[in-house]
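As the structure is a computational prediction, the values presented were derived from the model and not from experiment. Atoms within each ligand, like the ligands themselves, are counted from 1 in listed order.
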Amino acid sequence: MDIYKEIHLDKDSPQHLYMQLFYKIRQLIMEGKIKVNQKLPPIRQLANTLGVNTSTIVNAYGLLDKEGFVYKKIGSGTFVSSKEEDTSGNSMLQKYPIDEDIRLMDRGQIQIKENMISFASATPTSDLFPVDDFKILLNEVLDRDQGDAFGYQESQGYYPLRESLVDYLKEINIQTNPENVQIISGAQQGIDVIAKAFVDYKDTIIVERPTYTGAIGTFRSRGAKIVSIPISKDGIDLDLLEENMKEHKPKFVYLMPNFQNPTGYSYSREKKLKIIELAQKYNTFIVEDDYLSDLSFYNHDNSTLKSLDERDRIIYIKSFSKIFMPGLRLGFLVLPQSIHHKILAAKHTSDISTSGLNQRVFDLYLRKGIWKKHILYMEKIYRERFDVMKNCIEKYFKDIGVSYSLPEGGLNFWFSLPKGYDANKLYMDGAKNNILILPGSIFFPSQNESRFFRLSIAAVYPKGIEIGIKGLAQVIREFIKKDRRKRKGQDSYMPLL
Ligand SMILES: Cc1ncc(COP(=O)(O)O)c(C=O)c1O
C-alpha cells in the first residue's frame with residue numbers, strides 16, 4: 001500500500017493538522033494497512049508530499065509514539081509497534097477504545113454498545129419520559145396560543161411560568177417572586193451564563209474536589225483560575241474553604257450541597273448555614289447547583305442553601321434533567337436582587353431566550369399538578385433502583401478492596417480503589433465484561449487523580465443492577481489481584497536515605 005496516497009489533510013478544518021495526521025495513521029495501523037514493524041515515511045519527505053511543516057509530522061509521530069502505536073529507532077526512523085510490545089498488557093486494538101472513550105467522557109459523552117450494563121451515564125432512560133402527558137399539554141398550548149407559542153420569548157422567561165415556579169419553590173421552602181426567577185436552557189447554560197456575567201481572565205472560582213465536569217469546562221473556558229477544596233461525606237472542608245476565600249477572594253464558590261455529582265455526598269445543615277455566613281463575611285456569592293435534591297430517600301434533610309439564605313448570597317440553579325426530559329433544555333435560576341441585570345444581559349447574548357413553546361408546556365405541567373404525579377412516579381422508580389443498588393453494594397462489594405460511603409439519595413455512588421490503582425484501567429476490564437463504570441479522573445480540575453470511579457443507577461433497571469454489581473465485584477477482585485501480581489514482578493526502588 002502506498003501510504004502517501006492514503007493520507008489527505010484538510011487545511012480548512014478547525015482540527016489541527018497534526019491531529020488529523022495522527023488519526024489517519026492510527027486508522028491505517030488499526031486496519032492493518034500499515035503492518036507491524038513497517039517503517040513510517042521519513043518526516044521531511046511526508047511533509048513535502050503533504051505540503052505541511054515538518055513539525056506537523058513530528059507532532060503526529062510523537063503522539064503515536066506516546067499512545068504506543070509506533071516506536072522510534074534512533075537514526076533509522078519510526079516503526080509500527082507490535083501489539084505484544086504494549087507494556088500495559090492490552091493489545092493496541094484493545095487500548096484504542098479506552099483512550100477514545102476517556103476523551104469522549106471529557107466532553108460529557110459515552111459510547112454504549114448493545115447488551116452493556118451502563119453505570120456510567122447519569123441520564124434517565126427514555127422510557128421514563130412522560131410523553132403521553134406531554135402530548136396532551138402540547139396540543140393544549142397550541143390550541144390556546146397558536147402562533148404566539150413560536151415567537152421570541154422574553155429573555156427572562158415566560159411570565160406565567162415564572163409565577164408557577166414561585167409556587168413550586170414555596171413547597172421546597174424557597175420564598176421568592178417572579179422578578180428573581182430567570183429561565184435558562186438547562187443548568188449547564190445557567191453555569192455558563194453566571195460565568196459569563198462574573199468571570200474575567202484569571203479570576204478565581206472555588207469548587208469542590210471532585211466536581212461536575214461541565215462546570216470545570218465552563219470555568220476553564222472563561223480563563224478562570226480554579227481552586228478546588230476536598231469534599232467529604234458531610235460536605236466541603238470548611239477550614240480550607242475559609243482559608244481560600246480569604247486568600248483568593250473568589251468571584252463565587254460553586255457547590256452541589258445535595259447528592260453532589262459525582263460523590264453523592266450531602267452537606268450537613270451546620271455546614272450549609274456556615275457557608276452562607278462565609279459568603280457574607282467574604283462578600284461573595286455561592287452558586288448552588290441543585291440538579292437532584294428532589295430524589296431524597298430515607299427522610300434525609302435535603303434543604304437547599306437557597307431556602308436557608310437570609311443574606312441574599314445564593315445564586316440558585318435548578319435543573320430537571322435527571323427527573324424530567326433533559327432534551328427539553330429547561331431549567332431556572334433564582335437570583336439575588338443585585339445581579340438580575342448582569343445575568344439577564346449574559347442570557348440574552350447566549351441564546352436570546354429559552355424555547356417559548358417548551359416553557360408554556362412546562363407551565364401547564366406545574367399548574368395542573370401533573371408535575372407532582374410525575375415526581376412521585378420518578379421517586380418510586382429511582383427509590384427501587386437505589387435500594388437494590390445499596391443492597392447489592394453491601395452484599396457484593398464487601399472485602400473486595402474498594403472504599404465507599406453510601407449516599408442517602410440521588411443517583412450516584414462513588415468509590416475509591418486502593419492507592420496506586422487506576423480506575424481508567426478498571427473501566428477497560430469492566431467494558432470487556434459488558435459493564436460500564438465512569439472513571440473519576442474527569443471530575444478533578446487539575447490533580448491527576450485516577451483511583452476513583454462513579455456508578456450511577458439512572459440508566460440501569462433493578463435486574464441489571466443486581467447482575468452488573470455482582471459482575472463488577474468479580475472484575476474488581478481480579479483487577480486488584482492482577483495488578484498486585486504485576487507490581488510484585490516489577491523492580492522496586494528504595495530511597496537512598
Ligand atoms: C451537577 C450538574 N449540573 C448541571 C448539569 C447539566 O444539566 P442540564 O441538563 O440541566 O443542563 C448536570 C448534568 O449532568 C449536572 O450533573
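- Glu208 places no side-chain N or O within 3.5 Å of a backbone atom of Thr211 that could act as its donor or acceptor partner.
- A salt bridge (charged side-chain N to carboxylate O under 4.0 Å, His left out) with Asp387 is found for one member of Lys390, Arg383, Arg385 and no other, namely Arg383.
- Checked against a 3.5 angstrom limit, the closest N/O atoms of Ser321 and ligand 1 fall inside it.
- Among the atoms of Asn261, some N or O lies under 3.5 angstrom from an N or O of ligand 1.
- Atoms of ligand 1 found under 4.0 Å from any heavy atom of Met256, numbered from 1 in the order shown, are 1 (C).
- Scanning Thr213, Asp192, Asp289, Thr123 for the heavy atom closest to atom 1 (C) of ligand 1 points to Asp289.
- Side-chain polar atoms of Thr349 and Lys196 form a donor-acceptor pair below 3.5 angstrom.
- The protein atom (non-hydrogen) at minimum distance from atom 15 (C) of ligand 1 is Tyr212 CE1, 3.5 Å.
- Residue Gln188 has at least one nitrogen or oxygen atom sitting less than 3.5 Å from a nitrogen or oxygen atom of ligand 1, judged on distance alone.
- In Lys322, the part holding a heavy atom less than 4.0 Å from any atom of ligand 1 is the side chain.
- Scanning all heavy atoms of the two residues, the minimum distance from Gln359 to Thr354 falls at NE2-O, 2.9 Å.
- Here is the list of ligand 1 atoms found below 4.0 Å of a heavy atom in Gly186: 10 (O), 11 (O).
- Side-chain contact check for Leu161 versus Leu366: some heavy-atom pair is nearer than 4.5 Å.
- Of all the atoms in ligand 1, the ones that sit under 4.0 Å from a non-hydrogen atom of Ser319 are 7 (O), 8 (P), 10 (O).
- Between the side chains of Ser355 and Arg329, no donor N or O sits under 3.5 Å from an acceptor N or O.
- Residue Ala187 places at least one N or O, backbone or side chain, under 3.5 Å from an N or O of ligand 1.
- A heavy-atom separation below 4.0 Å is found between Arg329 and ligand 1.
- For Lys322 and Phe259, the positive end is not near the middle of the six-membered ring at less than 6.0 Å and at most 45° from its axis.
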Donor-acceptor list for residues 450-471 side chains, cut-off 3.5 Å, not counting sequence neighbours:
unit_1 : atom_1 : unit_2 : atom_2 : d
Arg451 : NH1    : Ser416 : OG     : 3.1
Arg451 : NH1    : Leu417 : O      : 3.1
Arg454 : NH1    : Asn261 : OD1    : 2.7
Arg454 : NH2    : Ala120 : O      : 3.0
Ser456 : OG     : Ser121 : O      : 3.4
Ser456 : OG     : Leu411 : O      : 3.4
Ser456 : OG     : Asn412 : OD1    : 3.4
Ser456 : OG     : Ala458 : N      : 3.3
Tyr461 : OH     : Asp127 : OD1    : 3.1
Tyr461 : OH     : Asp127 : OD2    : 3.1
Glu466 : OE2    : Tyr396 : OH     : 2.8

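- Backbone and side-chain nitrogen or oxygen atoms of Gln189 are examined, and none is located within less than 3.5 angstrom of a nitrogen or oxygen of ligand 1.
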